[in-house]
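Take a look at the structure below.
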Amino acid sequence: MNLFAEFLQVVAKAVATVAAERGVPLPDLSRVTVEPPRDRSHGDISTNAAMVLNKAFGMPPNLLAQSLSALLSAHKSVAAADIAGPGFINIKLVASEWPRVLRAVLAEGGAYGTSTLGCGKKANVEYVSANPTGPLHVGHVRGAVFGDALAELLTASGYEVTREYYINDAGAQVDVLARSAYLRYLEALGETVGEIPAGLYPGDYLKPVGQALAAEHGTALKDKPEAVWLPIVRERAIEMMMALIRDDLAALNIRQEVFASEKALHESGQVKETIDELRERGLVYQGTLPPPKGEVPEDWEDREQTLFRTTGFGDDIDRPLLKSDGSYTYFASDVAYSRNKIRRGFDELIYILGADHGGYVKRLESLGSALAANRKIEVIVRLCQLVKLYRAGEPVRMSKRAGEFVTLRNVVDEVGPDAVRFMMLFRKNEAPLDFDFAKVTEQSKDNPVFYVQYAHARTCSVIRNAAEEGLKPAKTPEFDLLSDEAELGLVRRMAEFPRLLEAAAQAHEPHRVAFYLYDLAGDFHALWNKGKDSPHLRFILTEDVKLTQTRLAFLMAIRYVLANGLRILGVRPAEEM
RNA sequence: GGCCCCGUAGCUCAGCUGGAUAGAGCAACGGACUUCUAAUCCGUAGGUCGCAUGUUCGAAUCAUGCCGGGGUCGCCA
């Protein structure tokens, strides 16, 4: 149940009635909002209908508001519909509406908040997609968590979601990986390799690859030319690196179902096919690109390349498909990959990238329209800003040259997947984020992870304590017994949850769920503390069984909303702390 | 120089795609606190929403131009 969506229908009906009376065609309602007012004193639900539609009706907003409010106040759920300010209609609901919300939460349980907003559209969320050359590091964490939460949010909103990882297993970097692994192979055979030369990957994580190769091939690869061993070593190394990466992701409770290979796009001929198709459509030409505006790089020289006319689809410049030596660019496989996704039937292609990939947004978007054929493909790119690590206020230093970087594992092992996930989502994605190891493990109100988790644990603990005294949540609770402003405030907040999820899904902004939960937890803790001064507000009142049972049912409703929100963020709701 | 993101209270940030008197949390100040789970709570104060024009009933939000900070800019991935 979505209270605000229900009332949008009520308002729409009132609008239609007035339109019929005045002989005006039914106006477009897309700008009409039905939302909780910022200020409580303005009632429970507020709509801007009269201000947005007054032109279509050819009457001043105040007059239209009067007609609408007269119709609205006749509705059985409405206690009053007042006109305020420049033409807002503020609706006050009858008291019985709030028990209705709570009964709906209990009836829907884990499904409360879900919607059919997406109409079953197929969405592909691609995230992480780190090069398979080593373990994931802290820079990958935010995108990983964001992508995963967004996928969950869209699933809850009625999309059919595929979680996908694109493996860059075809470029020069995997050859570097292979050469690095080969040294480890020689090392495993007992040779002294000394320090790993600059330009190769020095990390210890390649030692197991060397050992595996030694075990599987013995000395067979040893004195062979690179052309012989490289493909073998490369394939094995990539395989093992991907296993490592999957483990890293699993530590964060992330499981993507599709791992798409760039190499496979080449081997299956899809890259060539794609370019041929574009050629047939006259979108490919030989040409040179202009140097960057302003400061021209010193080693700049014009080179002729095979270019794709992406400017026809909203890009700033045309993009190269073939390098000047005739080999494929990385972008060529990107084009083939986009085409591949579209052919798999996705309506929405969503990319989660790091902020340093800002330059990719336009070219990816242009591919959506260039390859859509006659379909409508939506390409949505979300960039995640940098995460700065702190330890008790001090920035954590990393030296890339020495090969020392904080891995995803380091972070997850230290603070746990739940805290990592919540903190990564407790900021909008395009804002930089500070992550302090000390703070996220702190057991205090200053730590939002703890604050929200504790709210959930508290609901569980009260229900447990009550059970020990033989008190169970009522089967048919009498929610009209809840009349304190703190209780009603909490119900109002819960009523907003479905609306909030829809808005968050539409905007592709899972952080809104995190902030909502923080507010909800705050409301709950406030009510709890009110019970200190006002014992009649406590949840367990042994002398009033009926009220206690109702409040326990109320607690269950709160718990559902907290748990449903946390599930979207991928944070496990704690039952005790 | 082009493009992208950011600029909101002393600090860290929200602000529901244009709504009403711009909100939280820290920090500051004043109170409460032997608790159904201890890891607190209530209140006060704090603002030229970077600046300037424009769009309209109405702008932190949209458009244009500046200012400041960050990122990025052919064949690498």
Side-chain angles (χ1 to χ4, degrees), chain A residues 31 33 35-39 41-42 46 48 51-52 54-55 60-61 84-88 90 131 133 168 170-174 176 262 288-297 300-303 305 307 316-320 322-331 354-362 381 383 385-386 426-434 442-448 450-451 454 457-458 460-462 464-466 469 496 499-500 502-504 506-507 509 511-512 514-516 518-519 522 525-526 528-533 535 538-542 548 551 576-577:
Chain A
R31 288 181 61 218
T33 60
E35 57 190 9
R38 290 226 171 99
D39 190 335
S41 66
H42 291 142
S46 169
N48 63 356
M51 291 178 292
V52 175
N54 74 84
K55 277 185 187 152
F88 288 102
N90 291 328
N131 287 340
T133 53
N168 295 132
Q173 82 289 350
V174 285
V176 174
E262 182 190 4
T288 55
L289 286 172
K293 302 263 161 55
E295 206 181 325
V296 179
W300 180 270
E301 47 179 301
D302 283 335
R303 298 221 174 125
Q305 294 172 265
L307 301 173
D316 296 324
I317 54 168
D318 293 332
R319 305 286 171 182
L322 301 181
K323 300 178 197 172
S324 44
D325 68 3
S327 60
Y328 290 115
T329 60
Y330 181 78
F331 182 65
D356 54 340
H357 283 64
Y360 282 76
V361 178
K362 281 197 180 162
V381 185
L383 302 175
Q385 273 291 347
L386 225 61
F426 201 59
R427 183 114 317 167
K428 58 176 179 243
N429 55 293
E430 65 262 30
L433 183 150
D434 294 343
E442 196 175 285
Q443 306 231 319
S444 82
K445 191 183 171 305
D446 295 353
N447 175 6
F450 174 78
Y451 194 64
Y454 188 42
R458 195 168 244 177
C460 296
S461 121
V462 178
R464 273 198 308 271
N465 286 349
E469 302 202 33
E496 288 174 34
R499 193 182 113 80
L500 173 108
E502 283 193 11
Q506 241 157 355
E509 291 182 346
H511 77 271
R512 291 193 198 185
F515 281 96
Y516 170 84
Y518 184 68
D519 288 340
H525 289 307
W528 174 275
N529 284 296
K530 225 174 160 182
K532 276 192 289 192
D533 294 335
R538 297 183 182 187
F539 289 94
I540 299 176
L541 298 169
T542 40
T548 299
R551 288 212 169 123
E576 50 193 324
M577 307 285 298

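Side chains included, hydrogens not; waters and symmetry mates left out as well; all remaining heavy atoms used. The sequence lines fix the lettering, A, B, ..., with proteins before strands; numbering per chain opens at 1. In this text the structure is predicted, and so the values were computed from the model without any measurement.
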Heavy-atom closest pair, residues A:Ser324 and A:Gln305: N-CG, 4.1 Å
A:Glu430 CD to B:C4 P, straight-line distance once rounded to whole Å: 14 Å
With sequence neighbours excluded, residues passing side-chain contact (heavy atoms from CB on, under 4.5 Å) with A:His525: A:Tyr451, A:Tyr454, A:Ala455, A:Arg458, A:Ala521, A:Asn529
Residue pair A:Glu262 / A:Gly171: nearest heavy atoms and the distance that separates them: OE1-N, 4.3 Å
Sugar-phosphate only, base, or nothing, as touched by A:Arg427 at under 4.0 Å among non-hydrogen atoms: sugar-phosphate
Gap separating the CE atom of A:Met51 from the CZ atom of A:Phe88, nearest 0.5 angstrom: 3.5 Å
Spacing of the C1' atoms in B:U44 and B:C66 (rounded, Å): 40 Å
Side chains of A:Ser327 and A:Asp325, donor plus acceptor under 3.5 Å: yes
Donor-acceptor under 3.5 Å (A:Gln173 side chain, A:Asn168 main chain): yes
Whole-Å gap separating C1' (B:C36) and CG (A:Asn529): 12 Å
Minimal non-hydrogen separation, A:Pro535 against A:Asp533, with atom names: CD-O, 3.2 Å
Nearest-angstrom distance, P atom, B:G50 to B:A59: 15 Å
Pairwise C1' distance for B:G58 and B:G19, with rounding to whole Å: 7 Å
Tabulated below should be each protein N or O lying under 3.5 Å from an N or O of nucleotides 21-26 of chain B; please produce it.
| from | atom 1 | to | atom 2 | distance (Å) |
| --- | --- | --- | --- | --- |
| B:G25 | O3' | A:Lys445 | NZ | 3.4 |

Approximate separation, where rounding is to 0.5 Å, of A:Glu469 CD and A:Thr548 OG1: 9.0 Å
What N/O pairs connect the protein and nucleotides 56-58 of chain B at under 3.5 Å? Give each pair on its own line.
| from | atom 1 | to | atom 2 | distance (Å) |
| --- | --- | --- | --- | --- |
| B:C57 | OP1 | A:Lys55 | NZ | 3.2 |

Sugar-phosphate, base or nothing in reach of A:Pro432, heavy atoms under 4.0 Å: sugar-phosphate
Integer-rounded Å distance: B:G15 C1' and A:Tyr516 OH: 16 Å
Nucleotide-resolved protein contact map, nucleotides 29-34 of chain B, B/S/- at heavy-atom distance under 4.0 Å: ------
Sugar-phosphate only, base, or nothing, as touched by A:Ala503 at under 4.0 Å among non-hydrogen atoms: sugar-phosphate
Stem segments of RNA chain B by first residue number [Watson-Crick or G-U, under 3.5 Å, at least 3]: B:1-7 with B:67-73, B:10-13 with B:23-26, B:28-32 with B:40-44, B:50-54 with B:62-66
Non-hydrogen atoms of A:Arg512 and A:Ala503 that approach each other most closely: NH1-CB, 3.6 Å
Atom pairs, protein N/O to nucleotides 72-76 of chain B N/O, distance under 3.5 Å:
| from | atom 1 | to | atom 2 | distance (Å) |
| --- | --- | --- | --- | --- |
| B:G74 | N1 | A:Glu301 | O | 2.7 |
| B:G74 | N2 | A:Glu301 | O | 2.7 |
| B:G74 | N2 | A:Arg303 | N | 2.9 |
| B:C75 | O2 | A:Ser324 | OG | 2.7 |
| B:C75 | N3 | A:Arg303 | NH1 | 2.4 |
| B:C75 | N4 | A:Arg303 | NH1 | 2.9 |
| B:C76 | OP1 | A:Lys323 | NZ | 3.1 |

Check: A:Asp302/A:Thr288 side-chain N/O donor and acceptor closer than 3.5 Å: no
Sugar-phosphate only, base, or nothing, as touched by A:Ser46 at under 4.0 Å among non-hydrogen atoms: base
Considering all heavy atoms, the nearest A:Arg427-A:Leu433 contact: CB-CD1, 3.8 Å
A:Asn54 (side chain) donor-acceptor with A:Pro60 (main chain) under 3.5 angstrom: no
C1' gap between B:G15 and B:U61, integer Å: 9 Å
Along RNA chain B (nearest heavy atom to each residue), the more 5'-positioned of A:Asn90 and A:Ala457: A:Asn90
Shortest side-chain distance from A:Phe515, nucleotide among B:U17, B:G15, B:C13: B:C13
Residue A:Ala431, side-chain atoms from C-beta onward, closest of B:A14, B:U17, B:C41: B:A14
Polar side-chain atom of A:Arg538 near backbone of A:Gly531 as donor-acceptor pair, under 3.5 Å: yes
Spacing of CD belonging to A:Gln443 relative to CZ belonging to A:Phe450, to within rounding of 0.5 Å: 5.0 Å
Nearest-Å distance once atom C1' is located in both B:C51 and B:A60: 14 Å
Is_stacked (A:Tyr454, B:A39) at 5.5 Å, 30 deg: no
Touch class at under 4.0 angstrom, heavy-atom based, for A:Arg464 against every strand present: base
Spacing of A:Glu35 atom CD relative to B:C16 atom C1', expressed in whole Å: 7 Å
Rounded interatomic separation in angstrom, taking CG from A:Leu541 and P from B:U35: 16 Å
Separation of B:G7 P from A:Gln385 CD (nearest whole Å): 11 Å
Distance in angstrom units between A:Arg538 CZ and B:C41 P, rounded: 16 Å
Under 4.0 angstrom between A:Lys428 side-chain N/O and B:G15 OP1 or OP2: yes
A:Asp318 side chain vs A:Leu307 backbone, donor-acceptor pair below 3.5 Å: no
Rounded distance in Å between the P positions of B:C4 and B:G46: 39 Å
Atom pair CG (A:Asn90) and OG (A:Ser41), whose distance is rounded to the nearest 0.5 Å: 8.5 Å
Sugar-phosphate only, base, or nothing, as touched by A:Lys530 at under 4.0 Å among non-hydrogen atoms: nothing
A:Asn429 side-chain N/O to A:Leu383 backbone N/O, donor-acceptor pair under 3.5 Å: yes
Minimal non-hydrogen separation, A:His42 against A:Pro37, with atom names: CB-CB, 3.8 Å
B:U12 glycosidic torsion: syn (within 90° of 0) vs anti: anti
Presence of salt bridge, A:Lys428 and A:Glu509, under 4.0 angstrom: no
5′-ward residue of the pair A:Asp434/A:Phe539 relative to RNA chain B: A:Asp434
Span that lies between the P atom of B:U12 and that of B:G43, in whole angstrom: 26 Å
Distance, rounded to the nearest Å, where A:Asp316 contributes CG and B:G2 contributes P: 12 Å
B:C49 and B:A20, which share atom name P, separated by this distance in whole Å: 14 Å
B:C36 pyrimidine/purine six-ring stacking with A:Trp528, under 5.5 Å and 30°: yes
